[in-house]
Each structure stands twice: as structure tokens, then as C-alpha cells.
Amino acid sequence: MKVQIYTIQSIEEAESLLNLGVDNIGLTPASIGLPGEITVELAKSIFTSVKSSNNIALSVSNNVNEILDMTFEVEPDVLHLCGEEGLLSDKDLFSLKSKIQSDNNYIKLMQAVSVDNWDSVDLAKKYSKIADYLILDTSTTEVEGIGASGDTHDWNISRAIVDNVSIPVVLAGGLSPENVQQAIAKVNPWAVDSLTHTNKFFEDGSFIKDLKKVENFVNNSKNQI
């Protein structure tokens with residue numbers, strides 16, 4: 001089971017997570033008030049300094065050129081698109097993918113799906129014809145884009161998505177050291193993702209990764225009962 005952790009904010013934090021067995025590290029290069037966002041320059045520095053199996057950069061933008069500018073500056077292995085559904089058309093997504101997977105680049109595309117109801121299965125099947133990975137998440141009105149809610153969704157729907165697509169699926173949305181084994185048993189994803197429930201929060205709302213929680217999340221994910 002692959003383990004993916006968001007959102008890393010320093011080289012030291014990234015190194016610590018990889019030492020704990022985290023496979024994929026996720027960054028949020030932005031300046032719009034997203035949880036744990038960092039500058040493009042810092043994101044590039046982190047990815048230059050450390051290498052996970054997949055270094056992932058997240059974007060909630062609906063501007064293709066803006067997304068491309070960030071991606072080519074940061075140089076991730078994977079571009080994670082999690083803007084609100086419908087803001088990027090299928091034509092936009094195919095255009096993005098053709099540019100990030102040109103002769104000079106090969107950056108994989110991870111598309112977020114907000115698992116709201118059973119219609120999400122058809123949406124995921126559509127995206128699976130474009131993306132290299134899907135990430136199934138839970139939306140909130142408190143944060144722009146798909147994800148960062150800290151809430152779970154209906155894992156029965158997520159399991160149906162896994163069973164109906166042929167690309168790797170990452171399960172996100174409210175996963176914690178306490179529930180991740182149950183989630184894996186129910187959904188059978190390729191990877192599991194955690195942000196909120198592996199954080200240590202401060203009074204101002206900022207956070208760092210709680211290394212003990214991350215360690216427990218990794219161990220519980222990779223050692224299924």
C-alpha cells in the first residue's frame with residue numbers, strides 16, 4: 001500500500017516523512033490562502049532536495065497557463081488538479097496533459113474527484129480516460145477546491161470507482177491512523193492520502209506534520225490486519 005502525505009512545508013519535514021516510510025509527498029505551491037501553502041520557489045527547492053516515489057504539486061486553479069507556469073517551475077513528478085469540478089473542460093485537461101507529457105517533459109496527471117453521491121462513479125470513469133491517477137476526496141465550502149475537509153465520505157462509492165476504472169486510485173478524505181485500515185479493507189485503493197489528521201495544529205490555524213501520527217498512519221496502512 002502506497003502512502004501519500006500532504007502538505008509538506010520544508011525540506012526538513014519532507015526528509016522526516018520519507019524516513020518514516022512515506023512514499024509520495026504532496027506540496028501546495030500557491031498564494032491564495034490554501035492550507036499549508038508555500039511559495040513556488042520553496043516548492044521547487046524541496047523537490048530539488050528530496051525525492052519520493054512521486055513528488056506531487058497541487059493546484060486548484062482553472063487557468064491552464066497559470067497551472068502550466070507553476071508546474072514547469074516546480075517540476076513535480078505528478079500534477080494534482082483539485083479545482084472545483086467543471087472549471088476545467090475535457091479539452092483543457094487534454095491540453096494540459098499534452099503539454100506536461102511532451103517530448104521535453106513527462107509529468108503525470110492526478111485528477112481529484114469529490115465523492116458526493118453515486119454520480120461520482122460516472123465522473124471518475126470519465127476522468128480515468130484522461131488522467132494517470134485519480135484521487136477520491138471530500139469537499140468542503142471552507143477551503144477552495146476539492147479536499148482538505150478532514151471528513152470521510154461514502155467508501156461504498158469509492159469502492160465502486162476502484163472497481164470501475166483501470167488506473168491507480170488514491171483514497172483521501174478524513175483518513176487517520178485510526179480509520180485507515182478500515183478504509184483500505186473497504187475500498188482497496190492503490191494508495192491512501194492524509195492531510196488533516198496527521199497535522200499538529202497551532203492556535204493561529206497553521207500546522208506542521210505530527211511525525212508520530214504520520215508514523216502510525218504509515219504503519220497501519222502498510223500492515224493490514
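Keep in mind the model is a prediction, meaning the values are calculated, not measured.
A donor-acceptor distance shorter than 3.5 angstrom exists from the side chain of Q9 to the backbone of F207, with no hydrogens or angles considered. S149 contributes a side-chain N or O that, together with a main-chain N or O of T138, makes up a donor-acceptor pair within less than 3.5 Å. Although no hydrogens or angles enter the test, the distance criterion places a donor-acceptor pair under 3.5 Å between the side chain of E37 and the main chain of L34. In this structure, N55 contributes its side chain and V50 its backbone to a donor-acceptor pair below 3.5 Å. Between the side chain of N220 and the backbone N or O of P177, at least one donor-acceptor pair lies under 3.5 Å.
Atom NZ of K2 is surrounded by 12 or fewer heavy atoms from other residues, nucleotides or ligands within 6.0 Å.
Within the 4.5 Å cutoff, no side-chain heavy atoms of D137 are placed close to those of V115. Side-chain contact check for T39 versus K44: every heavy-atom pair is 4.5 Å or farther apart.
At a cut-off of 3.5 Å, with distance as the only test, a side-chain donor of N54 or K108 sits close to an acceptor on the other residue. Judged by distance alone, the side chains of N65 and N63 never bring a donor and an acceptor atom under 3.5 Å apart. A donor-acceptor pair shorter than 3.5 Å cannot be found between the side chains of T196 and N199. Looking only at atom types and distance, the side chain of N24 has a donor-acceptor partner in the side chain of S53 under 3.5 Å away. Side chains of S102 and N104: a donor-acceptor N/O pair is absent below 3.5 angstrom, by distance only. Judged purely by distance below 3.5 Å, without hydrogens or angles, the side chains of S114 and S139 pair a donor atom with an acceptor atom. No side-chain donor-acceptor contact under 3.5 Å links N105 and K99. Between the side chains of S61 and E66, at least one donor-acceptor pair of N or O atoms lies under 3.5 Å. Looking at T198 and K209, their side chains do bring a donor and an acceptor atom within 3.5 Å of each other.
Evaluated for a side chain to side chain contact (heavy atoms under 4.5 Å, CB included) with Q4, the options I56, I25, D23 yield exactly one hit, I56.
Transitive grouping of hydrophobic side chains (ILVMFWY, heavy atoms separated by less than 4.5 Å) keeps L58 and L42 in distinct clusters. L136 and V121 fall within a single hydrophobic cluster, where Ile, Leu, Val, Met, Phe, Trp and Tyr are joined by side-chain heavy atoms under 4.5 Å apart, directly or via other members.
Here E73 pairs with nothing under the side-chain hydrogen bond (donor to acceptor under 3.5 Å, both in side chains) rule; sequence neighbours left out. Not a single salt bridge (Lys or Arg N to Asp or Glu O under 4.0 Å) links D69 to another residue, sequence neighbours left out. Remark: W118 pairs with no residue by the ring pair (Phe, Tyr, Trp, His ring centres under 6.0 Å) rule, at least two apart or across chains. Looking at residues two or more places apart in sequence or on another chain, you find a salt bridge (Lys or Arg N to Asp or Glu O under 4.0 Å) between E215 and K212.
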TODO: Start with the C-alpha distance between D132 and Q101, add both sets of side-chain angles, then the distance that settles side-chain hydrogen bond (donor to acceptor under 3.5 Å, both in side chains), and finish with yes or no.
DONE: CA-CA 11 Å; D132 300 291; Q101 296 183 0; 2.8 Å; yes

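Contacts classified as side chain to side chain donor-acceptor pair (under 3.5 Å) and involving residues 77-94 (residues at least two apart or in different chains) are given here: Y6-H80, K51-D77, E85-Y127, S89-D92, D90-K126.
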Identify every side-chain donor-acceptor pair in residues 162-171 under 3.5 Å, counting partners at least two apart or on other chains, and give the distances.
from : atom 1 : to   : atom 2 : distance (Å)
D163 : OD1    : R159 : NE     : 3.2
D163 : OD2    : R159 : NE     : 3.3
N164 : ND2    : A160 : O      : 2.7

